[in-house]
Q: 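Can you keep this structure in mind? I'll have questions shortly.
We name chains A, B, ... by the order of the sequence lines, and we start the count at 1 in each one.
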Amino acid sequence: MPELPEVETTRRGIAPHCEHQVIARVIVRDGRLRWPVPDNLPALIEGATITEVDRRAKYLLIRVSGTAATGTLIVHLGMSGSLRVITDASEPLIHDHIELWLQNGVRLRFNDPRRFGCWLWSETPDSHRLLASLGPEPLAPEFNGALLYRLSRGKQTPVKSFIMDNRIVVGAGNIYANEALFKAGIHPRRAAGRISLSRYHRLAEAIKETLSAAILMGGTTLRDFVNSDGKPGYFAQSLLVYGRGGEPCRECGKALKEIRMNQRTTVYCGHCQR
DNA sequence: ACAGAGACCTGCTGGC
DNA sequence: TGCCAGCAGGTCTCTG
């Protein structure tokens, strides 16, 4: 379930429990994630202090400062990962791959059935290959319609692929790309280079609105999630098109269409989106 | 340089 | 009831 709002919700949930805490113990039960978890990770960060939990795109950046090393844990939740705060001593379950035990008794527990996530270590994260060429954050002022317009000139690629490209803007995952295109009234297959500036203004606003609304709703489930367990479904009720193929468009009532683009389910209204 | 497909994994659902 | 194909919120990497 990790799209950008989920990752931000996770960041806000774990930060107060981890920041300024000493890492007492690191347990890697299964380090076979998207890339292998570094073997020396426990040696590097045990005894060190977590100074801050940041986010860039869908990466959580856990800043660590210690005598052995000072650097950043680059954590991605992949398709199925979750990071939870455990305050009791409950036994780990299947797919609980990594745990950080903090000196305040809290355990940070990483679960990821599909193992598409990652835990990497970098002392120079700004220039790390995963982070170096990312586009702007969608909620930052520098992301706007003018930017989309400028970067899209001459591009034949469908606008949905264009806004899901992390070099253009980060955080527009499949769900939110579908939602934002519907809100902006733009057909997902339209060539990115053939969309006007004013329509890109609408699209940029739609991306910002959709993501910030979801972050707000994620915030409401923060408590559940901290106490473990945390399964939302919270934003699902307000989805306009995603998961609603064949059902009536909330604007015009015509049946929503469902197609595959780049192996991803794409839902749109053939009447409202041009 | 670009666009699209393949790859990485496990778990769940729906159709036969 | 049981089995299997197909699909799932991501994104790097390869191919043409």
Side-chain angles (χ1 to χ4, degrees), chain A residues 1-11 29-37 55-60 74-83 93-98 110-120 122 128-135 137-138 151-182 188-194 207 210-211 213-215 217-218 221 225 230-246 258-267:
Chain A
M1 10 161 288
E3 289 234 21
L4 185 136
E6 274 293 332
V7 179
E8 178 59 20
T9 299
T10 297
R11 189 194 69 76
R29 294 195 184 83
D30 188 346
R32 298 172 304 156
L33 302 183
R34 170 139 201 196
W35 298 283
V37 176
R55 179 186 61 74
R56 176 73 175 101
K58 294 171 190 165
Y59 295 94
L60 288 166
I74 301 174
V75 175
H76 199 291
L77 303 178
M79 289 273 263
S80 57
S82 64
L83 198 51
L93 301 174
I94 188 168
H95 305 311
D96 281 340
H97 303 312
I98 301 179
F110 176 74
N111 180 290
D112 186 7
R114 290 173 76 179
R115 307 207 311 272
F116 286 176
C118 72
W119 277 62
L120 297 175
S122 174
H128 193 277
R129 64 185 181 86
L130 293 176
L131 306 178
S133 57
L134 293 174
E137 289 289 321
L151 296 181
S152 62
R153 291 310 88 185
K155 297 229 184 217
Q156 298 303 307
T157 196
V159 61
K160 184 178 179 230
S161 311
F162 178 68
I163 60 171
M164 290 182 70
D165 183 340
N166 279 341
R167 293 166 303 180
I168 307 300
V169 59
V170 303
N174 195 39
I175 291 179
Y176 298 106
N178 278 297
E179 296 296 304
L181 286 167
F182 175 79
R189 275 218 167 107
R190 174 166 290 274
R194 305 189 59 203
I207 290 171
T210 310
L211 289 174
I215 289 172
M217 294 196 197
T221 63
F225 141 81
K231 258 306 92 114
Y234 50 92
F235 196 70
Q237 302 129 14
S238 40
L239 292 176
L240 300 171
V241 289
Y242 186 81
R244 298 193 60 242
E258 185 163 313
I259 60 174
R260 308 269 309 160
M261 281 180 63
N262 303 339
Q263 295 119 284
R264 309 305 294 276
T265 298
T266 301
V267 191

Q: To the nearest angstrom, how far is His95(A) atom NE2 from dC12(B) atom C1'?
A: 12 Å

Q: In whole Å, I'd like the distance from the NE2 atom of His97(A) to the C1' atom of dC8(B).
A: 13 Å

Q: For dG11(B) and dT1(C), measure between their P atoms and round to the nearest Å.
A: 24 Å

Q: What is the distance, to the nearest angstrom, from the CZ atom on Phe162(A) to the C1' atom on dA1(B)?
A: 15 Å

Q: Are there over 12 heavy-atom neighbours, none belonging to Arg194(A), within less than 6.0 Å of that residue's CZ?
A: no

Q: How are the rings of Phe110(A) and Trp119(A) set to each other: parallel, tilted or perpendicular (split at 30° and 60°)?
A: perpendicular

Q: Can you tell me, in whole Å, how much space there is between the P of dC9(B) and that of dC3(C)?
A: 26 Å

Q: Looking only at heavy atoms, which two atoms of Met79(A) and Arg114(A) are closest? And how far apart?
A: CE-NH1, 3.6 Å

Q: Applying a 4.0 Å non-hydrogen cut-off, can you work out what Gln156(A) is touching in the nucleic acid: base, sugar-phosphate, or nothing?
A: sugar-phosphate

Q: Name the pairing partner of dC9(B), where a pair is Watson-Crick or G-U wobble with both distances under 3.5 Å, or state none.
A: none

Q: Between dT10(B) atom P and Ile94(A) atom CD1, what is the distance in whole Å?
A: 10 Å

Q: Is a side-chain donor or acceptor of Arg244(A) paired with a backbone partner of Leu239(A) at a separation under 3.5 angstrom?
A: no

Q: Between Lys155(A) and Arg115(A), which has a closest nucleotide on DNA chain B that is more 5'?
A: Lys155(A)

Q: Hey, is the main chain of Phe162(A) close enough, under 3.5 Å, to the side chain of Asp165(A) for a donor-acceptor pair?
A: no

Q: Which of these passes side chain to side chain contact (heavy atoms under 4.5 Å, CB included) with Leu83(A): Asn111(A), Leu60(A), Asp112(A), Ile98(A)?
A: Leu60(A)

Q: Is it true that Arg56(A) and Glu137(A) make a salt bridge, defined as a side-chain N closer than 4.0 Å to a carboxylate O?
A: yes

Q: So, is Thr157(A) close to the dG4(B) phosphate, meaning a side-chain N or O under 4.0 Å from OP1 or OP2?
A: yes

Q: Could you run through nucleotides 10-16 of chain C and give me one letter per nucleotide, 5' to 3': B if any protein heavy atom sits under 4.0 Å from the base, S if only the sugar-phosphate is that close, - if neither?
A: BBBS---

Q: Return the 5'-most residue of the pair Met261(A), Arg167(A) with respect to DNA chain B, ranking by each residue's nearest nucleotide.
A: Arg167(A)

